[in-house]
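Okay, so here's the structure we're looking at.
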Amino acid sequence: MKEINVKGQKRAAIGKKASKLIRKEGLVPCNIYGEKKDANGLPVAESFVVPFTELRKVVYTPHVYVVNLDIEGESHIAIMKELQFHPVTDALLHVDFYEVNETKPITVGIPVKLNGLAEGVKAGGKLNLAVRRLNVTAPYKQIPEQLDIDVTSLELGKSIKVSELSFEGLELATPGEVVVCSVKATRASRSAAAAADNAEE
């Protein structure tokens, strides 16, 4: 996974009113959930703020990043778990981070990349990518930037499901019955098939 450095500041004031003032200053309220637990065994959140300009490079990108957070000298390695956007303006309102380490498995969505020219495409079909990301589980150091899938042997009318895939060191968390990609028939491919049938006759 790609890594990126982000600097934040501890946040004392909490609540909706304080959050509005923070956003007016160009800052985004954030929480990080780490190893600390409360009396009920639930993760304790540490509140902080990050300039929107710092978060833009992490949020508005197809890449998945491990974030090296520096909160007033305190270092955390984390991933973004939840983003909140304004329903009308689509402005970034809040980010939740989840602290990770080199041994603890995490589950994240990783982009899919289809490689090769499918047999079905050669026959006039159209390659269709059904899901752009697959959820994988592993320690973050083992998670790649993308999942490469070879579609060379994929024939017309056929598909590849999650259950047919495997990646070294990764556990696929997306359900096995989910279709990742397929080659669909087109008017050209149907015409070619009909011409071939007529020629045989």
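For the atom pair OG (S75) and CG (D70), the distance works out to 5.5 Å, reported to the nearest 0.5 Å. To the nearest 0.5 Å, atoms CD (E46) and CZ (F97) are separated by 12.0 Å. Taken to the nearest 0.5 Å, the SG atom of C30 stands 9.5 Å off from the CG atom of L83. Summarising the geometry, atom CZ belonging to F85 is positioned 8.5 Å from atom CG belonging to L93; distances are rounded to the nearest 0.5 Å. Atoms CZ and CG, on R23 and L21 in that order, are 10.0 Å from each other to the nearest 0.5 Å. Residue K184 holds its NZ atom at 8.5 Å from NZ of K126, rounded to the nearest 0.5 Å.
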* Residues M80, V59; criterion side chain to side chain contact (heavy atoms under 4.5 Å, CB included); working and verdict -> CA-CA 9 Å; M80 292 190 299; V59 174; 4.1 Å; yes
* Verdict with supporting geometry, V50 and V95, side chain to side chain contact (heavy atoms under 4.5 Å, CB included) -> CA-CA 9 Å; V50 176; V95 180; over 6 Å; no
* To do: Dump the intermediate steps for side chain to side chain contact (heavy atoms under 4.5 Å, CB included) on V58 and V67, then the final yes or no.
  => CA-CA 8 Å; V58 190; V67 182; 4.1 Å; yes
Pairs under 3.5 angstrom only: tabulate donor-acceptor contacts from the side chains of residues 113-124 to other protein residues two or more places apart or in another chain.
| from | atom 1 | to | atom 2 | distance (Å) |
| --- | --- | --- | --- | --- |
| K113 | NZ | N115 | OD1 | 2.8 |
| N115 | ND2 | D148 | OD1 | 3.1 |

Indicate every side-chain donor-acceptor pair of residues 158-176 with a distance under 3.5 Å to a residue at least two apart or in another chain.
| from | atom 1 | to | atom 2 | distance (Å) |
| --- | --- | --- | --- | --- |
| S163 | OG | G176 | O | 3.4 |
| E164 | OE2 | K161 | N | 3.1 |
| T174 | OG1 | N135 | N | 2.8 |

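You'll find the side chain of P62 stays beyond 4.5 Å of the side chain of P111, heavy atoms only. In this structure the side chain of V66 never reaches within 4.5 angstrom of the side chain of I4, judged on heavy atoms. Two residues are said to be in side-chain contact when any heavy atoms from C-beta on lie closer than 4.5 Å; H63 and Y65 meet this criterion. No side-chain heavy atom of E145 sits less than 4.5 Å from a side-chain heavy atom of M1. At least one side-chain heavy atom of I77 sits under 4.5 Å from a side-chain heavy atom of Y140. The shortest distance between side-chain heavy atoms of L134 and I110 does not fall below 4.5 Å. Side chains of I79 and V108 form a contact here, defined as non-hydrogen atoms less than 4.5 Å apart.
For E74, the salt bridge (charged side-chain N to carboxylate O under 4.0 Å, His left out) partners at least two apart in sequence or on another chain are K10. The salt bridge (charged side-chain N to carboxylate O under 4.0 Å, His left out) check on E82 picks up nothing, with sequence neighbours excluded. Listed by chain and number, the residues in a side chain to side chain donor-acceptor pair (under 3.5 Å) with K57 amount to none (sequence neighbours excluded).
Screening residues 95-107 for side-chain hydrogen bond (donor to acceptor under 3.5 Å, both in side chains), with sequence neighbours left out, gives H76-E99, H94-D96, Y98-K104, N101-T103, T107-T137.
Of the possible donor and acceptor atoms, none in the side chain of R132 sits under 3.5 Å from a partner among the backbone N and O of V112. In this structure, R11 contributes its side chain and F48 its backbone to no donor-acceptor pair below 3.5 Å.
G109 approaches V64 most closely through the heavy-atom pair O-CG2, 3.1 Å. Nearest heavy-atom pair across A78 and L69 is CB-CD1, 4.2 Å. Contact record, A138 with I143: O-CD1, 3.5 Å, taken as the closest heavy-atom pair. The two residues L129 and C181 have their closest heavy-atom pair at CA-CB, 4.3 Å.
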